[in-house]
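Report on the following structure.
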There are 4 protein chains.
Amino acid sequence: MTPPVPETTEPVRGRPRNQQTHQAILEAARSLLNREGESRFSIEQVASAAGVSKASIYRRWPTKGALLIELYMEGLPEVITVDARSLRSELKRYLLDTVERLQNPLWRSILRSLVAEGQYDPVTAELLRERVVAPRRAAGSHLLQHAVATGQIPAGLDHELILDLLFGPLWYRLLFEHAPIDNDFAERLLRQVEPLLFSGSSPPPVAASRRRR
Amino acid sequence: MTPPVPETTEPVRGRPRNQQTHQAILEAARSLLNREGESRFSIEQVASAAGVSKASIYRRWPTKGALLIELYMEGLPEVITVDARSLRSELKRYLLDTVERLQNPLWRSILRSLVAEGQYDPVTAELLRERVVAPRRAAGSHLLQHAVATGQIPAGLDHELILDLLFGPLWYRLLFEHAPIDNDFAERLLRQVEPLLFSGSSPPPVAASRRRR
Amino acid sequence: MTPPVPETTEPVRGRPRNQQTHQAILEAARSLLNREGESRFSIEQVASAAGVSKASIYRRWPTKGALLIELYMEGLPEVITVDARSLRSELKRYLLDTVERLQNPLWRSILRSLVAEGQYDPVTAELLRERVVAPRRAAGSHLLQHAVATGQIPAGLDHELILDLLFGPLWYRLLFEHAPIDNDFAERLLRQVEPLLFSGSSPPPVAASRRRR
Amino acid sequence: MTPPVPETTEPVRGRPRNQQTHQAILEAARSLLNREGESRFSIEQVASAAGVSKASIYRRWPTKGALLIELYMEGLPEVITVDARSLRSELKRYLLDTVERLQNPLWRSILRSLVAEGQYDPVTAELLRERVVAPRRAAGSHLLQHAVATGQIPAGLDHELILDLLFGPLWYRLLFEHAPIDNDFAERLLRQVEPLLFSGSSPPPVAASRRRR
DNA sequence: TGATAATCGAGACGGTACGTCCGGTCTTGAC
DNA sequence: GTCAAGACCGGACGTACCGTCTCGATTATCA
């Protein structure tokens with residue numbers, strides 16, 4: 001998706017792909033996923049709901065997982081502009097955004113289907129790591145490094161583990177639904193994780209965070 | 001789970017279930033799951049591998065998920081004796097045990113299949129919550145409450161969230177395999193979460209984290 | 001059924017068969033067959049409808065066909081008293097009796113199920129010939145022979161073929177239902193077959209038959 | 001049946017059916033039926049013997065009965081050219097042809113399976129009447145009418161009943177196998193039925209049988 | 001009074017078949 | 001080369017019956 005190099009628009013031989021077909025497929029897939037949990041998400045149903053041949057789907061996406069990933073990407077902001085100046089506010093912003101997206105049944109359905117698919121299909125599993133898990137972790141990692149560089153947090157923290165603590169609970173609640181994913185959850189999650197970041201040996205920089213409340 | 005009281009053991013009408021059949025099914029299921037990720041886990045294959053009719057499986061487990069849950073339960077210690085005297089050592093023990101179990105491909109396969117199944121089948125989802133998620137959370141919750149009562153940790157901690165922080169990362173790594181689940185992970189997880197519990201240096205813990213409330 | 005030799009009532013060891021069970025099975029079978037054509041006639045359903053175990057059925061009747069035959073026999077008069085004095089009146093009586101029985105859905109259902117079963121199961125096929133087809137043909141044959149002896153019909157007629165002409169059309173209409181089996185049918189059948197019998201070289205004995213109309 | 005007019009041959013959408021698959025199914029079905037009476041005729045076995053998926057069979061024939069009917073039709077001459085000039089010779093030709101076909105175990109097997117199936121499945125029953133029973137009766141009826149028109153047989157005969165007398169005995173012997181269906185049978189059947197048609201010695205037939213009406 | 005034995009209901013058991021759904025691939029004619 | 005349509009094989013689904021079997025309980029005859 002969104003290749004960095006513009007790839008010299010290779011001259012496209014034969015009939016060009018119909019953009020309407022493309023959209024119809026995505027639209028149908030979305031509407032099927034919206035009927036959350038109501039039976040398995042199948043290519044067959046997408047095709048018939050979109051009035052499209054199965055081949056037209058497989059031509060575009062080699063795998064159910066790939067289609068799901070595309071739907072997932074669509075729901076994300078084009079560019080993730082990270083204001084790395086304040087770690088605290090960035091974390092908060094990220095969590096609240098995520099929580100908001102996860103209120104949407106479609107979004108939840110996409111992610112849950114992706115995880116389900118990924119447990120059996122290694123290709124989807126790889127996509128899931130590459131496109132969903134890794135980028136988020138990379139962004140988080142970058143944020144933490146920058147915060148170290150700017151003295152917001154001490155060096156020597158276990159960044160990997162901190163990212164697990166941030167993302168783990170979100171997936172946990174998404175997949176098992178033992179408890180809601182809402183703003184309250186986001187705030188309590190932050191409140192738990194923050195002390196791990198700003199608990200420097202010397203007086204922790206509590207001031208800034210307080211002002212923001 | 002499996003109530004200790006025999007509940008008036010109703011008089012066994014009809015031909016009793018064959019324990020060998022029962023074991024053959026479980027055995028076959030285990031061996032199929034062991035060939036991790038290699039195609040979907042299907043009742044059909046379990047039946048044929050066990051030399052058993054499909055009906056004999058459906059007679060015992062109404063659902064693929066129910067069978068998986070049984071396999072999951074088998075791998076657990078009958079009674080979870082929690083030595084609640086020391087929260088710190090109990091947490092460590094629990095995490096190391098869990099990590100060890102998760103080294104086993106079969107165990108991982110069972111849990112991953114369960115999650116996958118649970119994303120589509122509401123019955124399995126419910127089983128998953130009831131038999132897998134809830135008991136663990138209950139035990140953890142009990143542990144924390146006892147630790148409060150014995151003054152090991154301050155009152156007023158956000159137990160729910162702490163449990164999310166403990167279990168979330170485990171599932172996160174299990175399902176996405178972006179990083180290993182090993183003793184090192186367990187120790188680092190503990191090292192991160194402990195300060196949230198034992199925040200103050202000496203017994204009665206009052207700290208920055210509490211002030212923030 | 002009804003063995004000619006009384007067979008010395010062998011001493012019956014063990015618990016005797018329950019006559020109520022016996023009747024319950026037959027009753028249930030009848031009621032299932034009465035719901036004509038509504039799904040296959042299965043031992044399983046008979047057992048459950050009769051509140052009886054399948055074993056109790058198989059103990060009495062080795063085969064679905066055997067059970068059906070028993071139901072068939074039940075619908076017949078104990079003794080078939082043939083008044084062989086007048087072939088003409090006997091034929092008429094037989095046909096009208098048969099037609100009347102075939103008005104009964106249960107009776108039709110039994111015979112149709114028997115034929116269906118007999119096409120696949122050689123044991124039922126044999127039963128069908130022995131118990132249903134052969135006795136009727138034997139009676140008819142006997143009747144014809146007596147009529148020859150008493151000079152009612154000429155010698156040298158093709159008895160076998162005449163029996164085929166009498167019974168064939170009945171089964172034909174029963175199995176394909178292209179036309180009803182009613183009194184009109186019986187009378188027209190008789191009217192066609194009679195000339196084949198009473199078409200002696202010399203004036204046929206028309207008088208008697210006319211008076212009966 | 002298979003109307004001569006091509007009925008605007010709708011433009012064949014999608015991948016056309018594979019004629020080899022089609023033939024493989026019919027071939028497998030035939031070979032299974034040839035192993036006469038050896039177990040029930042099942043779609044499952046046809047599929048596996050033909051190396052074809054069950055779906056490919058159900059796509060073509062909605063019902064076991066429909067497949068059997070197709071096999072039945074295949075064994076018939078495309079067009080039934082009836083030389084109506086001589087009723088006597090036509091009847092003889094028809095009966096001898098039929099008898100010859102019924103010597104073939106496959107043919108017998110098809111018809112017997114069809115009858116069995118038709119006793120339980122109303123759809124097959126209807127097909128059986130429409131495709132097997134009715135056309136033959138229609139042809140016979142037409143023959144008789146023509147014979148009346150050309151003065152070969154008297155008007156006023158009971159055509160329906162005569163057809164029952166011709167076809168009934170054939171089915172009767174086919175289904176119960178109490179006696180063979182051979183040329184001798186055909187000839188004796190004819191010999192019995194003919195007098196009913198050509199009752200008078202010379203052309204314009206008026207006879208005892210007519211007076212009885 | 002027991003021992004023996006066939007019955008009873010319930011229901012488990014391995015099989016076979018049912019008819020449907022989906023996965024991914026392939027094959028048409030039309031564009 | 002794409003498109004819709006839809007055929008194709010394979011595999012799984014969950015259900016229904018088949019005829020046999022194995023239980024504990026019951027009910028008779030024989031010793």
Side-chain angles (χ1 to χ4, degrees), chain A residues 12-18 20-22 24 39-48 50-60 62-64 121, chain B residues 11-18 20-22 39-48 50-60 62-64, chain C residues 11-18 20-21 39-48 50-60 62-64, chain D residues 11-18 20-22 39-48 50-60 62-64:
Chain A
V12 193
R13 318 225 304 147
R15 174 174 174 177
R17 294 218 179 135
N18 185 345
Q20 288 186 352
T21 298
H22 202 92
S39 90
R40 232 167 210 77
F41 173 72
S42 74
I43 295 286
E44 199 105 325
Q45 289 205 10
V46 173
S48 112
V52 144
S53 72
K54 280 198 282 176
S56 290
I57 300 183
Y58 283 112
R59 215 173 280 127
R60 292 171 166 80
T63 279
K64 225 189 299 189
D121 175 16
Chain B
V12 192
R13 316 224 301 156
R15 175 174 175 178
R17 301 246 172 103
N18 186 343
Q20 288 185 352
T21 298
H22 201 92
S39 89
R40 232 167 209 77
F41 174 71
S42 76
I43 297 286
E44 198 102 314
Q45 289 210 7
V46 173
S48 111
V52 145
S53 74
K54 279 197 283 176
S56 290
I57 300 182
Y58 283 113
R59 216 172 277 128
R60 293 171 166 80
T63 282
K64 229 185 296 188
Chain C
V12 193
R13 316 227 307 147
R15 176 175 174 176
R17 297 224 176 126
N18 185 345
Q20 287 186 350
T21 298
S39 89
R40 231 165 211 78
F41 173 72
S42 74
I43 295 286
E44 200 103 321
Q45 288 205 10
V46 173
S48 111
V52 144
S53 72
K54 280 198 284 175
S56 291
I57 300 182
Y58 283 112
R59 215 173 279 128
R60 292 170 167 80
T63 280
K64 225 189 298 190
Chain D
V12 191
R13 316 225 300 157
R15 174 174 175 177
R17 300 244 171 105
N18 186 343
Q20 289 185 350
T21 298
H22 202 91
S39 90
R40 234 167 206 76
F41 174 70
S42 75
I43 296 286
E44 199 101 308
Q45 289 209 8
V46 174
S48 110
V52 145
S53 74
K54 278 196 283 176
S56 291
I57 300 182
Y58 283 113
R59 214 173 280 129
R60 291 172 166 80
T63 282
K64 227 185 297 188

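Both backbone and side-chain heavy atoms feed into the values below; hydrogens, waters and symmetry mates do not. Since this is a predicted model, take the numbers as computed values, not measurements. To find a chain, count down the sequence lines: A is the first, B the second, and so on, and within it residues start at 1.
Rounding to whole angstrom units, CD of residue B:E44 and C1' of F:dT15 are separated by 12 Å. With rounding to whole Å, D:I57 atom CD1 is found 12 Å from F:dC9 atom C1'. Atom P of nucleotide F:dC18 and atom CZ of C:R40 are separated by 10 Å, given to the nearest angstrom. A straight line from CG of D:N18 to C1' of E:dT28 spans 12 Å, rounded to a whole angstrom. Atom-to-atom, CD1 of D:I43 to P of E:dA17 comes out at 11 Å; the value is rounded to the nearest Å. The distance between atom CZ of C:R13 and atom P of F:dA31, rounded to the nearest whole Å, is 8 Å. Taking atom CZ of B:R60 as the reference point, atom P of E:dG11 lies 14 Å away to the nearest angstrom.
For the OP1/OP2 pair of E:dA6 and a distance below 4.0 Å, the side-chain nitrogens and oxygens of C:R15 include no atom meeting the criterion. Distances shown here put every side-chain N or O of D:K64 at or beyond 4.0 Å from the OP1 or OP2 atom of E:dA17. Between C:S53 and E:dA10 there is no side-chain polar atom (N or O) within less than 4.0 angstrom of OP1 or OP2. Checking the phosphate oxygens (OP1, OP2) of F:dG11, no side-chain nitrogen or oxygen of B:S42 falls inside 4.0 Å. In this structure, D:R59 reaches the F:dA7 phosphate: one of its side-chain N or O atoms is under 4.0 Å from OP1 or OP2. A sub-4.0 Å separation between OP1 or OP2 of E:dG14 and a side-chain N or O of B:S56 is present. Between E:dC26 and D:R17, no contact under 4.0 Å exists linking OP1 or OP2 to a side-chain N or O. Side-chain nitrogen and oxygen atoms of A:Q45 include at least one within less than 4.0 Å of the OP1 or OP2 phosphate oxygen of E:dC22.
Residue D:K54 is in base contact, counting any heavy-atom pair closer than 4.0 Å across all strands shown. Residue contacts shown for A:A47 are absent, as no nucleic acid heavy atom lies under 4.0 Å away.
Taking the side chain as every heavy atom from C-beta outward, A:S56 and A:R59 approach each other to under 4.5 Å.
Mapping A:Y58 and D:Y58 onto DNA chain E by nearest heavy atom places D:Y58 closer to the 5' end of the strand. Position along DNA chain F of the nearest nucleotide to C:G14 versus C:F41 favours C:F41 as the more 5'-ward residue.
Taking OG of D:S48 as the reference point, atom NZ of D:K54 lies at 11.0 Å (rounded to 0.5 Å).
Donor-acceptor pairing under 3.5 Å is recorded for the side chains of A:R60 and A:H22.
Contact record, A:A47 with A:S53: CB-C, 4.2 Å, taken as the closest heavy-atom pair.
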